[in-house]
Amino acid sequence: MAPEINELATKVKFDPRESCTFNPNHEKQMVELVIKNESSQPIITKLKSTRPKHYKMKPVFALLKPGEKKPVKLVFKGFPKNGSSKPSAKDRFSIVYSAAPNAIKDGDDPRAAWTDEQNKKLISAQGIYKKGIRIKYFGVNDKEPDVPTGSELVIDKNQLAKLLKEKANNNRPLPPPTPPPNATTNNSGSGRRIPSRSTPSAIPLEPPKAGDPLSQANGPIIFLVYNRQEVEIEDDDEEEDGEEDDEKEKTPTKKTEK
């Protein structure tokens with residue numbers, strides 16, 4: 001059974017909710033993120049970042065039962081000493097999540113939910129959400145206030161193309177009516193019948209129905225470039241799937257205070 005509309009957008013919680021802060025130096029640092037599933041459904045999660053070269057997560061993939069909490073290590077590997085990378089106001093982690101497919105059970109590898117084609121179709125159909133965690137840096141932008149943000153509904157490009165096609169069909173103008181048998185004759189007395197004409201009127205676009213992914217958005221929907229017949233999802237900053245932080249360090253990772 002699919003989750004209630006907006007349940008996943010409002011009942012999956014994050015701590016910290018909006019941002020985490022690191023020292024902008026070359027030392028490896030870590031902040032703990034806690035994901036809590038307060039919904040009635042098990043969920044699957046996947047973490048992403050804007051700069052995978054510098055940011056790692058552990059675990060990247062997870063399965064959370066209703067009421068379960070999952071700690072995740074957000075690791076900043078440090079900037080190189082040669083100064084080739086610097087802090088950016090666009091740096092962020094993102095948590096992508098959805099209701100878990102029935103095929104994914106407790107103890108299964110949650111990575112399969114995001115890589116198996118059948119599972120990908122299922123989670124795309126029921127709605128995928130994304131929550132961003134902004135990365136700040138001490139002495140650079142750590143004093144900037146957090147702007148509260150909700151989880152965003154992410155629509156797969158194929159699903160979005162289908163929705164737009166369906167709505168375009170619903171909005172297609174009515175065809176001209178068939179002339180009735182007693183159509184008006186012309187004034188010349190020739191007896192030729194002149195078909196009656198009417199201007200087609202557009203059908204108003206109906207609001208999304210319950211269950212339509214467009215009706216579940218609790219924040220801005222991430223989209224979209226409409227180029228001829230192709231629809232693609234466009235994000236303002238490129239993100240890549242997270243990578244596990246499994247390197248063996250000779251010195252312990254410093255835990256950065258929230």
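Residue numbers count from 1 along this sequence. Computed from heavy atoms alone, side chains included, the values below leave out hydrogens, waters and symmetry copies. Source: prediction; values computed, not measured.
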* Report the C-alpha separation of L63 and I43 in whole Å, then their side-chain angles, then the decisive distance to 0.1 Å, and conclude whether the side chain to side chain contact (heavy atoms under 4.5 Å, CB included) test is met. => CA-CA 6 Å; L63 171 68; I43 64 170; over 6 Å; no
* For I128 and L153, what are the C-alpha separation, side-chain angles and deciding distance, and is it a side chain to side chain contact (heavy atoms under 4.5 Å, CB included)? -> CA-CA 6 Å; I128 301 173; L153 177 66; 5.9 Å; no
* Asked: Hey, mind stepping through T45 and F61 against side chain to side chain contact (heavy atoms under 4.5 Å, CB included) and telling me if it holds?
  -> CA-CA 6 Å; T45 63; F61 302 93; over 6 Å; no
* Evaluate ring-ring contact (aromatic ring centres under 6.0 Å, His included) for Y55 paired with F76, printing each intermediate quantity in order. => CA-CA 5 Å; Y55 307 109; F76 171 47; 5.5 Å; yes
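Side chain of D116 to backbone of Q118: a donor-acceptor contact under 3.5 angstrom is found. Judged purely by atom type and a 3.5 angstrom limit, T115 uses its side chain to pair as donor or acceptor with the backbone of R111. Side chain of D108 to main chain of K105: a donor-acceptor pair is present (N/O by atom type, distance under 3.5 Å, no hydrogens or angles). Side chain of N37 to backbone of L64: a donor-acceptor contact under 3.5 angstrom is found. A donor-acceptor pair under 3.5 Å is formed between the side chain of E18 and the backbone N or O of T149. With hydrogens and angles ignored, the 3.5 Å screen pairs no side-chain donor or acceptor of N23 with any backbone N or O of N25. Without hydrogens or angle criteria, Y97 side chain to L8 main chain gives a donor-acceptor distance under 3.5 Å. One N or O on the side chain of S98 and one on the backbone of G127 form a donor-acceptor pair closer than 3.5 Å. Between the Q29 side chain and the V75 main chain, no donor and acceptor come within less than 3.5 Å of each other. Judged by distance alone, with hydrogens and angles left aside, the side-chain atoms of T50 form a donor-acceptor pair with the main-chain N or O of R92 at under 3.5 Å.
The side-chain contact (heavy atoms from CB on, under 4.5 Å) search around S88 returns R51, K90, D91, not counting sequence neighbours.
Centroid-to-centroid, the aromatic rings of Y137 and F79 come within less than 6.0 Å.
Using modelled atom types, one finds no donor on one side chain facing an acceptor on the other under 3.5 Å when comparing T21 with D142. A donor and an acceptor atom, one from each side chain of K56 and S49, are nowhere located under 3.5 Å apart.
Of all heavy-atom pairs between G83 and K86, the closest is O-CE, 4.1 Å. Considering all non-hydrogen atoms of both residues, I123 and A99 come closest at CG2-O, 3.8 Å. Here the closest non-hydrogen pair linking P101 and L122 is CB-CD1, 4.2 Å. Considering all non-hydrogen atoms of both residues, A89 and R134 come closest at O-NE, 4.1 Å. Closest approach of S39 and P66 over heavy atoms only: O-CB, 3.4 Å. The shortest non-hydrogen separation linking L47 to P59 is CD1-O, 4.2 Å.
Contact check on E38 versus K13 returns a salt bridge, with a Lys/Arg side-chain nitrogen under 4.0 Å from an Asp/Glu carboxylate oxygen. A salt bridge does not link K77 with E27: every distance from a Lys NZ or Arg NE/NH1/NH2 to an Asp or Glu carboxylate oxygen is 4.0 Å or more.
Rounding to the nearest 0.5 Å places NZ of K48 at 8.0 Å from OG of S94. Atom NZ in K58 sits 13.5 Å away from atom CD in E32 (nearest 0.5 Å). A distance of 13.5 Å separates NZ of K73 from CG of L33, quoted to the nearest 0.5 Å. Expressed to the nearest 0.5 Å, how far CZ of F93 lies from NZ of K131 amounts to 13.5 Å. To the nearest 0.5 Å, the span separating SG on C20 from CD1 on I135 amounts to 5.0 Å. Taking NZ of K130 as the reference point, atom OG of S151 lies at 11.0 Å (rounded to 0.5 Å).
Contact of the Y129 side chain with the I95 side chain is not registered, since no non-hydrogen atoms from C-beta on lie closer than 4.5 Å. Contact of the D146 side chain with the K136 side chain is registered, since non-hydrogen atoms from C-beta on lie closer than 4.5 Å. A heavy-atom distance below 4.5 Å is found between the side chains of I104 and N119.
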